[in-house]
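Here the structure is a predicted model, which means the values were calculated and not measured.
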Amino acid sequence: MRTFVLVAVAAASLTAAPALGYKLVAQKVRVAVAKSVMTIAPPIDWNRQQSRPGRNAEAWTLDGMPLNEVTFYGGIAADQTLFKEVSKKDKPLPRFDAAMLAPDVAQLFEASYRLAGGSALFAIDGIEPASFAGHRGFRFRYSFTLEGEEVRRTGEATGAIVGGKLWMITYEAPTIHYFERNLADYRALVDSAQLPGPTVQVK
């Protein structure tokens with residue numbers, strides 16, 4: 001029953017796309033994302049949410065945010081937050097520092113989610129080196145449950161710190177069935193990511 005409800009919500013959200021502020025991102029057309037110089041060439045069509053989760057972030061979905069969500073973080077500079085502040089006075093979000101290492105970025109992400117998304121149950125499940133847009137970067141898995149929900153979600157983040165800024169793409173979906181179903185679609189977006197300027201040889 002819960003799966004049926006999620007599917008129904010997702011279908012309704014995309015049917016009402018103009019009202020909810022979705023815009024088609026056509027396949028094989030390179031586009032700039034997150035108000036930045038990072039570009040993506042999606043192999044398949046996606047839907048871009050017009051409202052932004054952060055100043056330099058934007059979200060895409062295939063079937064509706066309850067079922068799959070990809071978020072692009074386009075050059076988060078020093079002393080900037082990943083998301084919009086929920087309550088800057090009472091619950092200020094942590095801020096990025098260019099000196100951060102991969103574990104620090106994962107901790108920044110977790111702390112931001114706990115405050116901005118009300119995710120009391122959140123865990124980083126592993127961090128490893130990875131290539132991102134031709135640069136040495138990182139990849140980590142995470143899992144969480146949103147406040148007021150019972151659905152367990154799994155996510156994967158891939159990114160790098162380039163030019164003193166954080167560039168990252170994350171994907172998340174319900175752990176049962178949906179996460180694995182669209183994991184390859186997310187990784188195809190990551191593989192298509194490009195940043196201007198020289199790259200490094202990543203082995």
Hey, could you give me the [atom1]/[atom2] distance between [X] and [Y], rounded to the nearest 0.5 Å?
| X | Y | atom1 | atom2 | value |
| --- | --- | --- | --- | --- |
| Glu172 | Ser143 | CD | OG | 11.0 Å |
| Asn47 | Met65 | CG | CE | 8.5 Å |
| Leu195 | His135 | CG | NE2 | 5.0 Å |
| Arg52 | Gln50 | CZ | CD | 8.0 Å |
| Arg152 | Leu146 | CZ | CG | 10.5 Å |

Who pairs with [X] by salt bridge (Lys or Arg N to Asp or Glu O under 4.0 Å), at least two apart in sequence or on another chain?
| X | value |
| --- | --- |
| Arg141 | Glu156 |
| Arg95 | Glu85 |
| Glu69 | none |
| Glu180 | none |

Quick one: side chain to side chain donor-acceptor pair (under 3.5 Å) partners of [X], sequence neighbours excluded?
| X | value |
| --- | --- |
| Asn56 | none |
| Thr175 | Thr154 |
| Gln27 | none |
| Gln80 | none |

Shortest non-hydrogen contact from [X] to [Y]?
| X | Y | value |
| --- | --- | --- |
| Thr39 | Ala32 | CG2-CA, 4.0 Å |
| Met38 | Gly74 | CE-CA, 4.3 Å |
| Pro66 | Arg153 | O-NH1, 2.9 Å |
| Ala188 | Pro43 | CB-CG, 3.7 Å |
| Ala59 | Pro53 | N-CD, 4.2 Å |

Is [Y] reachable from [X] through a run of I, L, V, M, F, W or Y residues, each pair having side-chain heavy atoms under 4.5 Å apart?
| X | Y | result |
| --- | --- | --- |
| Phe138 | Ile76 | yes |
| Val29 | Val70 | yes |
| Leu183 | Ile44 | yes |
| Val37 | Val190 | yes |
| Tyr113 | Ile124 | yes |

Does [X] reach the side chain of [Y], with side-chain heavy atoms less than 4.5 Å apart?
| X | Y | value |
| --- | --- | --- |
| Arg187 | Thr158 | no |
| Val105 | Ile161 | yes |
| Pro42 | Trp60 | yes |

>> Test your reading of the model: is there a side-chain donor-acceptor pair from Asn68 to the backbone of Asp63, 3.5 Å cut-off?
In response: yes

> Just by modelled atom types, is the Leu101 backbone N or O under 3.5 Å from a matching donor or acceptor in the Asp104 side chain?
Replying inline: yes

> For the residue pair Phe140 and Tyr142, does the interplanar ring angle fall in the parallel (under 30°), tilted (30 to 60°) or perpendicular (over 60°) class?
Replying inline: tilted

> Should the pair Tyr73 and Phe109 be assigned to parallel (<30°), tilted (30 to 60°) or perpendicular (>60°) ring geometry?
Replying inline: perpendicular

> Excluding sequence neighbours, so at least two apart, what forms ring-ring contact (aromatic ring centres under 6.0 Å, His included) with Phe179?
Replying inline: Tyr171

> What salt bridge (charged side-chain N to carboxylate O under 4.0 Å, His left out) pairs are there with at least one residue in residues 30-39, not counting sequence neighbours?
Replying inline: none

> What residues, two or more places apart in sequence or in another chain, satisfy side-chain contact (heavy atoms from CB on, under 4.5 Å) together with Leu115?
Replying inline: Lys91, Leu93, Pro94

Side chains of residues 162-170: which donor-acceptor pairs under 3.5 Å do they make with residues two or more places apart or in other chains?
from	atom 1	to	atom 2	distance (Å)
Trp167	NE1	Val162	O	3.1

>> Around atom CZ of Arg55, are there more than 12 heavy atoms from other residues, nucleotides or ligands closer than 6.0 Å?
In response: no

> Which is it for Trp46 and Leu62 under the side-chain contact (heavy atoms from CB on, under 4.5 Å) test, yes or no, and what are the steps along the way?
Replying inline: CA-CA 5 Å; Trp46 284 76; Leu62 288 171; 3.6 Å; yes

>> One pair to check against side-chain hydrogen bond (donor to acceptor under 3.5 Å, both in side chains): Thr61 and Tyr22. What are the steps and the verdict?
In response: CA-CA 9 Å; Thr61 184; Tyr22 286 99; 5.7 Å; no

